[in-house]
Amino acid sequence: MENTAIDYKKLYEQSLLTISEKEEKIASLSFELDKFRKYIFGKKSEKFTAPKAGEGQIYLFELGTTQVQQEELSEQASIEKPAVKQPKKRAKGSGRMVLPENLRRELITLVPTEDISDCKVIGEEVTEVLELTPAEFYVKRYVRPKYARPNGEGIIIADLPDRVIEKGIPSETVV
């Protein structure tokens, strides 16, 4: 009878040890998780905290130089600095951003409402609009053939459908 009580006592002690080890592990992982959360989601001032100087640590500016010598060294350093190059300015009107090629493209051809039976195709205008269906972006591509009138009276082209943002890339599904 006593053997079974000792066995239970050993099992109980072992379980207490494993529980305390696991609690220590959980505490260390929680601390690490808090540190990473602070790094990712914290304010800039909270992200990197400077280590505190130890008591036995030597200070940088107390290495045998006087304040006058430090000022002279800082003046020399400011004189010897090379000229800073100005960054190049971006050219105005460099165009809008191109939509990625890996997006699915839906082709829509718009034909003018006027009679184009005796007209000749001279080119086309392509307008790309960013569309969105739930969990997918795709590009709706409007192709509008240009037609030249036979007697040189001008060019015929279909009108684009109205958009939410005039001359904008997104359609009403994105906005």
Side-chain angles (χ1 to χ4, degrees), residues 1-108 126-142 161-175:
M1 195 88 163
E2 291 180 24
N3 289 341
T4 57
I6 295 171
D7 291 339
Y8 287 126
K9 189 175 183 180
K10 284 183 181 178
L11 288 174
Y12 177 71
E13 290 172 358
Q14 288 175 349
S15 64
L16 287 178
L17 283 173
T18 57
I19 288 172
S20 65
E21 289 172 358
K22 289 184 179 184
E23 285 177 349
E24 288 175 11
K25 183 73 172 174
I26 289 172
S28 69
L29 290 175
S30 297
F31 176 73
E32 209 172 314
L33 179 64
D34 289 339
K35 194 164 64 170
F36 285 126
R37 281 186 180 153
K38 186 177 180 182
Y39 176 75
I40 293 172
F41 301 112
K43 294 180 182 177
K44 283 187 177 182
S45 62
E46 294 176 353
K47 285 188 181 178
F48 299 107
T49 56
K52 296 179 181 176
E55 292 177 17
Q57 192 170 9
I58 300 173
Y59 292 104
L60 179 64
F61 296 109
E62 293 181 3
L63 295 176
T65 58
T66 63
Q67 188 169 357
V68 176
Q69 291 173 338
Q70 289 176 7
E71 290 174 0
E72 289 174 2
L73 290 173
S74 65
E75 287 175 13
Q76 288 176 357
S78 64
I79 293 171
E80 294 175 4
K81 282 186 180 177
V84 178
K85 293 182 180 178
Q86 295 293 331
K88 292 183 180 179
K89 292 185 178 179
R90 219 176 110 186
K92 290 185 179 179
S94 59
R96 84 167 56 156
M97 185 175 72
V98 179
L99 295 170
E101 291 299 320
N102 63 345
L103 294 176
R104 177 175 62 91
R105 296 227 172 353
E106 182 180 300
L107 184 67
I108 299 171
V126 177
T127 304
E128 291 187 336
V129 177
L130 185 64
E131 289 282 335
L132 169 73
T133 57
E136 178 192 23
F137 282 105
Y138 67 95
V139 177
K140 192 182 279 187
R141 183 174 228 184
Y142 294 101
D162 292 334
R163 286 189 266 179
V164 176
I165 301 172
E166 193 64 35
K167 295 185 180 181
I169 291 178
S171 71
E172 61 275 354
T173 59
V174 175
V175 176

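In this structure, the side chains of Pro170 and Val164 stay at 4.5 Å or more apart for every pair of heavy atoms.
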Step by step, work out the side-chain contact (heavy atoms from CB on, under 4.5 Å) result for Thr127 and Arg163. CA-CA 12 Å; Thr127 304; Arg163 286 189 266 179; 3.8 Å; yes

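Residues Ser171 and Val129 share a closest heavy-atom pair of CB-CG1, 3.6 Å.
Here the straight-line distance linking atom CG of Leu29 with atom CZ of Phe36 works out to 10.5 Å at 0.5 Å rounding. Atom CG of Leu16 and atom CG of Leu11 lie 11.0 Å apart (nearest 0.5 Å). Here Lys38 contributes atom NZ and Leu33 contributes atom CG; the two are 13.5 Å apart, rounded to the nearest 0.5 Å.
Atom CG of Asp162 is surrounded by 12 or fewer heavy atoms from other residues, nucleotides or ligands within 6.0 Å.
Residues passing the side-chain contact (heavy atoms from CB on, under 4.5 Å) test with Thr133, sequence neighbours excluded: Glu136, Tyr138.
No option in Glu106, Arg104, Arg105 other than Glu106 meets the side chain to side chain contact (heavy atoms under 4.5 Å, CB included) test with Lys140.
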